[in-house]
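When a ligand or atom number is given, it counts from 1 through the structure's own listing order. Values below: all heavy atoms of this structure, side chains included; hydrogens, waters and symmetry mates excluded.
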Amino acid sequence: MRVLITGGAGFLGSHLCDAMLAEGHSVICSDSLLTGRMENLAHHAHEPRFEFLPQDVCQPFDPGNIDYLFHFASPASPVDYLKHGIETLRVGSAGTLNCLEIAKKHNAKFLLASTSECYGDPLEHPQKESYWGHVNSIGPRSVYDEAKRFAEAATMAYHRYHHVDTRMVRIFNTYGPRLQIDDGRVISNFMKQALRGEDLTVYGDGLQTRSFCYVSDEVAGIVALSKSDEHLPVNIGNPNEFTILECAKVVLRVTGSASKIRFEPLPQDDPRQRRPDITKARTLLNWEPKIDLSTGLQLSLDYFRAAVHASSTATLR
Ligand code: NAD
Ligand code: UDP
């Protein structure tokens, strides 16, 4: 296949580029580099089946004939999407409509990277795909949450009205190598702080929960979904739930750091609990995650060490 991956220079998109190339496909990666980095793709510089297209996907463009479009472009960390609020709304809305038009024009399959944020601060726990969510449409996180909810609505509409062959994955907190150390997400912050011997910043009382999925598990789930015929959203995430305080302790253990924990204010509308119900992915895709948090952090340790080292030498220069 000839596959277009938007946002392919980002954390998840770059791992998806790797997976698609490994399956023997040709990959076009289109990215505006708003939050992504060319370093994530440097290992494909001499790969003839790989092409980088510098492109803001909110602007009309035509990549030529494609068989599959994976729409991953969007800031994803709360720090990034709060900084780029309007761009986030735009890429979820205009960007998604553009990508759906491209898929329609080329009769390509389409997969949307959606998110657990569609459930907002959920009142149902764990979250099943049938839950409609509890989202503050005017709160600070709404630039991301509502953009993704619009993107899901647009995807369903192109499926219903134009018969585009669509899929939607609701991704739950994913981490691993290439997560940017300055994106403010909890795993990048804690790993960076632990390796630098700084305090780990726990927001609020640290009793809010998240369920962390290692990147290879996440990508395997996405690839399995891309080959299925399911058009409704599917949760792909790890159902092992941790409080943020527990997560901090796992990071301290894995890094062997003597850092302390410091409490800071909880951001507005921070979801209190999050855990995917993955019954659908298990049944439909025969998929489930294999890597627990401790193992995943160990697998990420070399990357975070190198990234912390590079950022401190850049600061010294
Ligand atoms: P990321 O910030 O590392 O990657 C996003 C990529 O999109 C970047 O390379 C960025 O430059 C690019 N981009 C942003 N706006 C663009 C535009 N207008 N045109 C072209 N490129 C643009 O984030 P990520 O964690 O890799 O997330 C990738 C996708 O997965 C996003 O759609 C995100 O919403 C979704 N997702 C991720 C997670 C997670 O835990 N990582 C969770 C839920 C959903
Ligand atoms: N968090 C924290 N300290 C940090 C960064 C994040 O306690 O340095 C908390 C944050 O308040 C949230 C959870 O960790 O409750 C996950 O935050 P993240 O930004 O990784 O993603 P979210 O799931 O909120 O989108």
Problem set entry | Salt-bridge contact Arg170-Glu152 (side-chain N to carboxylate O under 4.0 Å) | yes
Exercise. For ligand 1, which atoms have a heavy atom of Leu33 less than 4.0 angstrom away?
Worked result: 11 (O)
For this session: Would you please name every residue forming a side chain to side chain donor-acceptor pair (under 3.5 Å) with Thr35, sequence neighbours left out?
Result: none
Exercise. Under 4.5 Å between any side-chain heavy atoms of Glu117 and Val135, yes or no?
Worked result: no
Exercise. Which of these, Gly8, Ser114, Cys213, has its nearest heavy atom closest to atom 44 (C) of ligand 1?
Worked result: Ser114
Exercise. Of the listed options (Ala113, Ala76, Gly95), which comes nearest to atom 23 (O) of ligand 1 when hydrogens are ignored and any heavy atom counts?
Worked result: Ala76
For this session: State the atoms of ligand 1, each with its element, that fall below the 4.0 Å cut-off from a heavy-atom position in Asn173.
Result: 40 (O)
Seminar exercise, completed: Scanning both residues in full, the closest heavy-atom pair of Gln180 with Arg37 reads OE1-CD, 3.7 Å
For this session: Return each pair, listed once, that meets ring-ring contact (aromatic ring centres under 6.0 Å, His included) where at least one residue sits in residues 208-242; pairs must be two or more places apart or across chains.
Result: His159-His231, Tyr175-Tyr214
Enumerate, one pair per line, all nitrogen or oxygen atoms of ligand 2 lying under 3.5 Å from a protein nitrogen or oxygen, stating the separation to 0.1 Å; write 'none' if no such pair exists.
{"residue": "ligand 2", "atom": "3 (N)", "partner": "Thr201", "partner atom": "O", "Å": "2.6"}
{"residue": "ligand 2", "atom": "7 (O)", "partner": "Tyr203", "partner atom": "N", "Å": "2.8"}
{"residue": "ligand 2", "atom": "8 (O)", "partner": "Asn189", "partner atom": "ND2", "Å": "2.8"}
{"residue": "ligand 2", "atom": "8 (O)", "partner": "Thr201", "partner atom": "O", "Å": "3.2"}
{"residue": "ligand 2", "atom": "8 (O)", "partner": "Thr201", "partner atom": "OG1", "Å": "3.0"}
{"residue": "ligand 2", "atom": "8 (O)", "partner": "Tyr203", "partner atom": "OH", "Å": "3.3"}
{"residue": "ligand 2", "atom": "11 (O)", "partner": "Asp270", "partner atom": "OD2", "Å": "2.6"}
{"residue": "ligand 2", "atom": "15 (O)", "partner": "Gln208", "partner atom": "NE2", "Å": "3.1"}
{"residue": "ligand 2", "atom": "15 (O)", "partner": "Arg210", "partner atom": "NH2", "Å": "3.4"}
{"residue": "ligand 2", "atom": "15 (O)", "partner": "Asp270", "partner atom": "OD1", "Å": "2.6"}
{"residue": "ligand 2", "atom": "15 (O)", "partner": "Asp270", "partner atom": "OD2", "Å": "3.4"}
{"residue": "ligand 2", "atom": "20 (O)", "partner": "Val186", "partner atom": "N", "Å": "2.8"}
{"residue": "ligand 2", "atom": "23 (O)", "partner": "Asn173", "partner atom": "ND2", "Å": "2.9"}
{"residue": "ligand 2", "atom": "23 (O)", "partner": "Arg210", "partner atom": "NE", "Å": "2.7"}
{"residue": "ligand 2", "atom": "23 (O)", "partner": "Arg274", "partner atom": "NH1", "Å": "2.7"}
{"residue": "ligand 2", "atom": "24 (O)", "partner": "Arg141", "partner atom": "NH2", "Å": "3.0"}
{"residue": "ligand 2", "atom": "24 (O)", "partner": "Arg210", "partner atom": "NH2", "Å": "3.1"}
{"residue": "ligand 2", "atom": "25 (O)", "partner": "Arg141", "partner atom": "NH2", "Å": "3.2"}

Exercise. Do the ring centers of Tyr68 and Phe70 come within less than 6.0 Å of each other?
Worked result: yes
For this session: List every atom of ligand 1 that sits less than 4.0 Å from any heavy atom of Lys148, numbering the atoms from 1 in the order shown and giving each element.
Result: 31 (C), 32 (O), 33 (C), 34 (O)
Exercise. Quick one: which of Thr35, Asn40, Asp31 has a heavy atom closest to atom 2 (O) of ligand 1?
Worked result: Thr35
Problem set entry | Close-contact set for ligand 1 against Leu12 heavy atoms, below 4.0 Å | 26 (O), 30 (O), 37 (C), 41 (N)
Exercise. Partners of Arg160 by salt bridge (charged side-chain N to carboxylate O under 4.0 Å, His left out), sequence neighbours excluded?
Worked result: none
For this session: Name the option, out of Tyr144, Phe72, Tyr175, that contains the heavy atom nearest to atom 36 (N) of ligand 1.
Result: Tyr144
Seminar exercise, completed: Ser300 and Pro177 have their tightest heavy-atom pair at OG-CD, 3.8 Å
For this session: Would you indicate whether the side-chain heavy atoms of Tyr131 and Leu123 approach each other to under 4.5 Å?
Result: yes
